[in-house]
J.: 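Before anything else, here's the structure in question.
Chain A is the first sequence line, chain B the second, and so forth, proteins listed ahead of strands; every chain is numbered from 1. Keep in mind that the numbers below use all heavy atoms, side chains included, and drop hydrogens, waters and symmetry copies.
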Amino acid sequence: MKEDLRPRTIEEAHEIQRALKKKLKITSPKKAPQLIAAADAAFSDDFVFAAGSLYRYSPLVHMEDAFTREKARFPYIPGLLAFREGHAIISAIGKLTVAPDLVLIDGQGIAHPEGFGIASHIGVILGIPTIGCAKSRLIGEYEEPGPIKGDWTYLYHRGARVGAVVRTRSFVMPLFVSPGHLADIESSVEIVLKCTSGFRIPEPLRAADRLSKKMRRDYAGSPALDK
DNA sequence: GCGACAG
DNA sequence: ATCTTGTCGC
């Protein structure tokens, strides 16, 4: 699986994406998750700092954090984000002492040109439910949702519903939510909204974002931190 | 050929 | 994502 996130070429990355997509499952979840984690990454000149933040779900209660630092080996290419930060994110999640039931990822799920964004990629590799939560659109057409928190519309691509455009805070730019793995559009919207209060970004993702940036401040130039 | 393009 | 000054609003 390590190889599935560290291709040598763009062509190889596309092959991996197509192969892993065969294991993708979009379904309505049976049980509500008890533990939700969120992951995000920050970058310095040559490192990627990934952070994972774990919460008890409903109500949201912070449990623990974890992070990793590794060399950035793949460029950012729209559609291939998983190959730039996926490996580090999975590593950070793996450092949590308790495994989450679901993970929120900063990026797209199936609302992706190949139907396999970073949230789907991570979900398939980890074998657990994931939800993509992006701040902007990668693909798809949609109608602007209403202006109040909780308003949302479907995101369509090639005639199919691939996600939702969700107003997580009144009168603020919406978020692009799409199921990653073992989730569906409606449950993804519900979970994202339940994880959000006061801010545009869901609390677990805000925590992961803060931590990844703090780690960059603290360790951007440290020689030996890797194991 | 031109425009779009998660982080 | 990152860089980076001022500005608007709670």
J.: Would you mind checking if A:Arg210 and A:Glu203 are paired as a salt bridge, meaning a charged N to carboxylate O distance below 4.0 Å?
T.: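 A:Arg210 and A:Glu203: salt-bridged.
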
J.: Run the side chain to side chain donor-acceptor pair (under 3.5 Å) test on A:Glu186 and A:Tyr154 for me, step by step, so that the C-alpha distance in whole Å, both residues' side-chain angles and the decisive distance to 0.1 Å come before the verdict.
T.: CA-CA 10 Å; A:Glu186 293 73 17; A:Tyr154 281 108; 2.4 Å; yes

J.: Could you identify which residues of residues 193-213 of chain A place a heavy atom less than 4.0 Å from some atom of DNA chain B, listed by residue number, or say none?
T.: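 Those residues whose heavy atoms fall under 4.0 Å from DNA chain B, taken from residues 193-213 of chain A, amount to none.
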
J.: Measuring from atom CD1 of A:Ile185 to atom CZ of A:Arg161, what distance do you get when rounded to the nearest 0.5 angstrom?
T.: 7.0 Å

J.: Do the two ring centres, one from A:Phe43 and one from A:Tyr76, sit under 6.0 Å apart?
T.: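 For A:Phe43 and A:Tyr76, the ring centres are not under 6.0 Å apart.
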
J.: Mind checking if A:Ala42 touches a base, just sugar-phosphate, or nothing, with heavy atoms under 4.0 Å?
T.: sugar-phosphate

J.: Taking the ring of A:His87 and the ring of A:Phe74, is the distance between their centroids below 6.0 Å?
T.: no

J.: Would one find more than 12 heavy atoms of other residues, nucleotides or ligands at under 6.0 Å from atom CD of A:Glu144?
T.: yes

J.: Given the rule that a pair is Watson-Crick or G-U wobble with both distances under 3.5 Å, how would you write DNA chain B in dot-bracket, using | for pairs to a different strand?
T.: .......

J.: Is the count of non-hydrogen atoms from other residues, nucleotides or ligands lying under 6.0 Å from A:Lys214 atom NZ greater than 12?
T.: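 For A:Lys214, atom NZ is not crowded (no more than 12 foreign heavy atoms under 6.0 Å).
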
J.: Taking only residues two or more places apart in sequence, or in another chain, which ones meet A:Tyr57 in a ring pair (Phe, Tyr, Trp, His ring centres under 6.0 Å)?
T.: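 A:Tyr57: no ring pair (Phe, Tyr, Trp, His ring centres under 6.0 Å) contacts found.
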
J.: At a heavy-atom distance below 4.0 Å, which nucleotide of DNA chain C is the first touched by chain A, and which is the last?
T.: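 Range of nucleotides touched by chain A: C:dA1 to C:dT2.
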
J.: Find the distance between NE2 (A:His181) and CD1 (A:Ile131) and round it off to the nearest 0.5 Å.
T.: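 So the NE2 of A:His181 and the CD1 of A:Ile131 are separated by 13.0 Å.
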
J.: Quick one: CD1 on A:Ile201 to NZ on A:Lys135, what's the gap to the nearest 0.5 Å?
T.: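 A:Ile201 atom CD1 to A:Lys135 atom NZ measures 5.5 Å (nearest 0.5 Å).
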
J.: Which letters describe nucleotides 1-7 of chain B, given B = protein heavy atom under 4.0 Å from base, S = only from sugar-phosphate, - = neither?
T.: ---SBBB

J.: Hey, does the Lys NZ or Arg CZ of A:Arg137 hover above the aromatic six-ring of A:Tyr142, less than 6.0 Å from the centre and inside 45° of the axis?
T.: no

J.: Report the stems of DNA chain C as range-with-range entries sorted by first number; a stem here is at least three consecutive pairs, Watson-Crick or G-U wobble, both distances under 3.5 Å, and write none if there are none.
T.: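 As far as DNA chain C goes, consecutive pairing (with distances under 3.5 Å) yields no stem.
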
J.: Out of A:Leu175, A:Leu205, A:Thr168, A:Val166, which one pairs with A:Thr196 under the side-chain contact (heavy atoms from CB on, under 4.5 Å) rule?
T.: A:Thr168

J.: Tell me, please, whether A:Phe49 has A:Arg216 positioned over its six-membered ring: NZ or CZ under 6.0 Å from the ring centre and within 45 degrees of its axis?
T.: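 The answer is no; the distance or angle limit is not met.
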
J.: Return the NZ to OG distance between A:Lys21 and A:Ser120, rounded to the nearest 0.5 Å.
T.: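 So the NZ of A:Lys21 and the OG of A:Ser120 are separated by 9.5 Å.
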
J.: Would A:Arg158 and A:Glu141 pass as an ion pair if we require N to O under 4.0 Å?
T.: no

